Amino acid sequence: MDFEAVIGLEVHAQLKTNTKIFCGCATAFGGAPNTHVCPVCLGMPGVLPVLNKQVVEFTLMMALAVDCRIARQSRFARKNYFYPDLPKGYQISQYELPIAERGRIEIEVNGTAKTVGITRIHMEEDAGKLNHEPGRPVSLVDFNRTGVPLMEIVSEPDMRSPEEAGAYLRKLRSILRYIGVCDGNMEEGSFRCDANVSLRPRGTTPFGTRTELKNLNSFKHVEKALHYEIRRQQAILEEGGEVVQETRLWNPDKNQTFSMRGKEDAHDYRYFPDPDLLPLVIDDEWIARVRNSLPELPDAKKARFEREYGLSAYDADVLTAAREVADYFEACLGEFNKPKVVANWIMGELTAHLNTENKSITASPITSASLAGLLKLMDTGVISGKIAKTVFEEMAATGKTAAAIVEEKGLVQVTDTTAIENLVDAVMAAAPAEVAAYRAGKKKLLGFFVGQVMKETRGKASPDIVNQLLKKKLEP
Ligand code: ADP
Ligand code: MG
Ligand code: ZN
């Protein structure tokens, strides 16, 4: 039987505010345990939460960036459950009246575009962190994270493959980073994803029973876990069995998912409106102001790069995935206006170098201005393309400008035709057999002659001139 996967994702994005969502404690990561706490985030009796306006502002930015409808009035609700990392015994979240609903994100997989619906976006607080002491029968709790603001983004069950889920997550993270509300670091947990997946016979409409996958700490894990889970559910269904609705944990060492607990239903949480917090009222003026403050977003930038710079869809996609890369590209163009050349160097040499050094483009040893400087030297024929690559390596290692390196090492391209002609003559004289073979029709030997001349000049001869002269002289 042919089954189709149905996937919906829940993402928790930690918002980059300085202070927590309902108190003034710092959100900074890495403090000594229980040092960023106060009576509010510790859930002491008799204290009152006060909503952090920046959290609302950031959530509005995201909601508008993905075309959601903004609720003019929304509410906070208490989600009740017991766990030692939750001192109040409830998490403040939003339930019936979230701040935003009905948005969308465009994705593309293998050249096919698709829209994934956003069901809702809401704000909530994070819980604390349990530290299980290895080798000791105790667990310690750190409340620094309680009350750190999260934005939950729930998708419609619109994805049909692990690859689509991956594309959705990448686009979502790209948007979050463009607007600067979340650093999107999956490994550190500031961008967390739970994946819901079910199967149905292809061509049918009703959804099957889903499982929810947790502990997905990287994009690779999300895709692998979904592939595994789809196979697991398929095996059950093919044997005539039933999938159990449950939460399953991904084990990256075993490459399998394991049942963690039965899936709780919303009513298990006894949600009710939080009487300590006023309804959140958002007026048109606030929405308009946030909308106007949004930067150009990835899809719009990509379309503009194709239109304005004549880049291919692929190049435009790569260059706009991260805002910093797009900015670097455009800064480079400001000084050297050949988009395709700049794009090739950024996507080729520069990216390779940054990957090896594990650096982001903002920490690049080669600034956009110095890359433009190198490309100008190449474009005006001062250095050859081959030498440019050597100079690039040297720039990356030393931080010096291309001009300084070319000057220092005497790498200026030899364009003196007479000098090159002498070398061509010498090379031909030293290889009479090859000259004869060439003239007898073995045209591939041209590369051999070019190589010899280049060797003599340590790569500095202008390849154009060398090719021209050789062709002329080798013709019988
Ligand atoms: P819960 O609050 O229990 O997690 P939600 O209704 O909020 O449940 O749905 C959570 C996610 O599960 C959403 O992203 C939704 O698209 C997805 N989902 C719901 N039903 C299915 C299903 N049958 N198969 C796959 N995903 C589903
Ligand atoms: Mg949910
Ligand atoms: Zn606090």
Side-chain angles (χ1 to χ4, degrees), residues 3-12 17-28 31 34-44 47-52 77 79 81 87-88 91-96 98 101-105 116-122 124-128 142-149 152-162 164-165 168-169 172 192-201 204-214 216 222 225-226 229-230 233 237 242-248 260-269 271:
F3 289 101
E4 175 180 57
V6 171
I7 300 169
L9 302 177
E10 294 168 271
V11 167
H12 284 92
T17 56
N18 294 325
T19 55
K20 294 185 178 180
I21 182 169
F22 298 119
C23 63
C25 291
T27 52
N34 300 306
T35 52
H36 301 160
V37 293
C38 73
V40 173
C41 53
L42 288 175
M44 297 293 165
V47 295
L48 288 171
V50 177
L51 179 58
N52 180 343
K79 179 178 182 180
Y81 64 94
K88 293 197 300 295
Q91 176 196 29
I92 306 179
S93 180
Q94 294 195 297
Y95 185 54
E96 297 115 310
E101 292 181 281
R102 293 207 265 169
R104 78 188 66 87
I105 284 181
V116 175
I118 303 288
T119 314
R120 58 185 273 148
I121 297 182
H122 70 247
E124 62 186 29
E125 57 180 349
D126 208 346
D142 177 3
F143 290 123
N144 284 350
R145 212 179 60 186
T146 52
V148 165
E152 180 170 341
I153 303 151
V154 182
S155 87
E156 289 290 297
D158 284 346
M159 289 152 277
R160 297 289 172 265
S161 68
E164 286 186 6
Y168 167 82
L169 283 178
L172 181 61
R192 298 169 228 162
C193 168
D194 299 338
N196 296 269
V197 56
S198 62
L199 295 186
R200 65 182 172 191
T204 62
T205 314
F207 291 150
T209 305
R210 72 177 144 133
T211 57
E212 181 180 17
L213 311 181
K214 286 187 184 283
L216 308 170
V222 173
L226 282 169
E229 187 60 16
I230 289 167
Q233 291 186 13
L237 296 173
E242 273 180 29
V243 173
V244 179
Q245 176 159 334
E246 62 184 355
T247 299
R248 297 179 68 87
M260 176 167 108
R261 56 169 192 243
K263 176 88 181 114
E264 63 291 330
D265 286 313
H267 62 248
D268 295 327
Y269 289 116
Y271 280 100

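Note that this is a predicted model, so its numbers are computed, not measured. Order of listing sets the numbers, starting from 1, for every ligand and every atom in it.
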To the closest 0.5 Å, what do you measure between CD1 (I105) and OH (Y168)?
4.5 Å
When you draw lines from the Zn ion (ligand 3) to SG of C38 and to SG of C25, what angle lies between them, to the nearest 10°?
100°
Of E10, Q245, R210, which has the heavy atom at the shortest distance from atom 8 (O) of ligand 1?
R210
Near L9 (heavy-atom distance under 4.0 Å), the atoms of ligand 1 are 14 (O)
Counting each atom of ligand 1 from 1 as listed, which ones have a heavy atom of V6 under 4.0 Å away?
24 (N), 25 (C)
So is there a nitrogen or oxygen of P157 less than 3.5 Å from a nitrogen or oxygen in ligand 1?
yes
Can R248 and E212 be counted as an ion pair, charged N to O under 4.0 angstrom?
no
Name the one of K88, K20, R145 that satisfies salt bridge (Lys or Arg N to Asp or Glu O under 4.0 Å) with E125?
K88
List ligand 1 atoms under 4.0 Å from G208, heavy atoms only on the residue side.
23 (N)
When rounded to the nearest 0.5 Å, the distance separating CZ of R160 from CD1 of I7 is 8.5 Å
For the residue pair K79 and Y271, would you count it as a cation-pi contact if the rule is NZ or CZ under 6.0 angstrom from the ring centre and within 45 degrees of the ring axis?
no
When you measure from the Zn ion (ligand 3) to the N, O or S atoms of C41, does any of those distances fall below 2.8 Å?
yes
Can you sort out which atoms of ligand 1 are near V154, meaning under 4.0 Å from one of its heavy atoms?
13 (C), 14 (O)
Please name the residue in the list R192, H12, Q91 that meets the side-chain hydrogen bond (donor to acceptor under 3.5 Å, both in side chains) test with D126.
R192
Using a 4.0 Å cutoff against the non-hydrogen atoms of E156, which atoms of ligand 1 qualify?
16 (O)
Under a 4.0 Å N-O cut-off, is there an ion pair linking R200 with E4?
yes
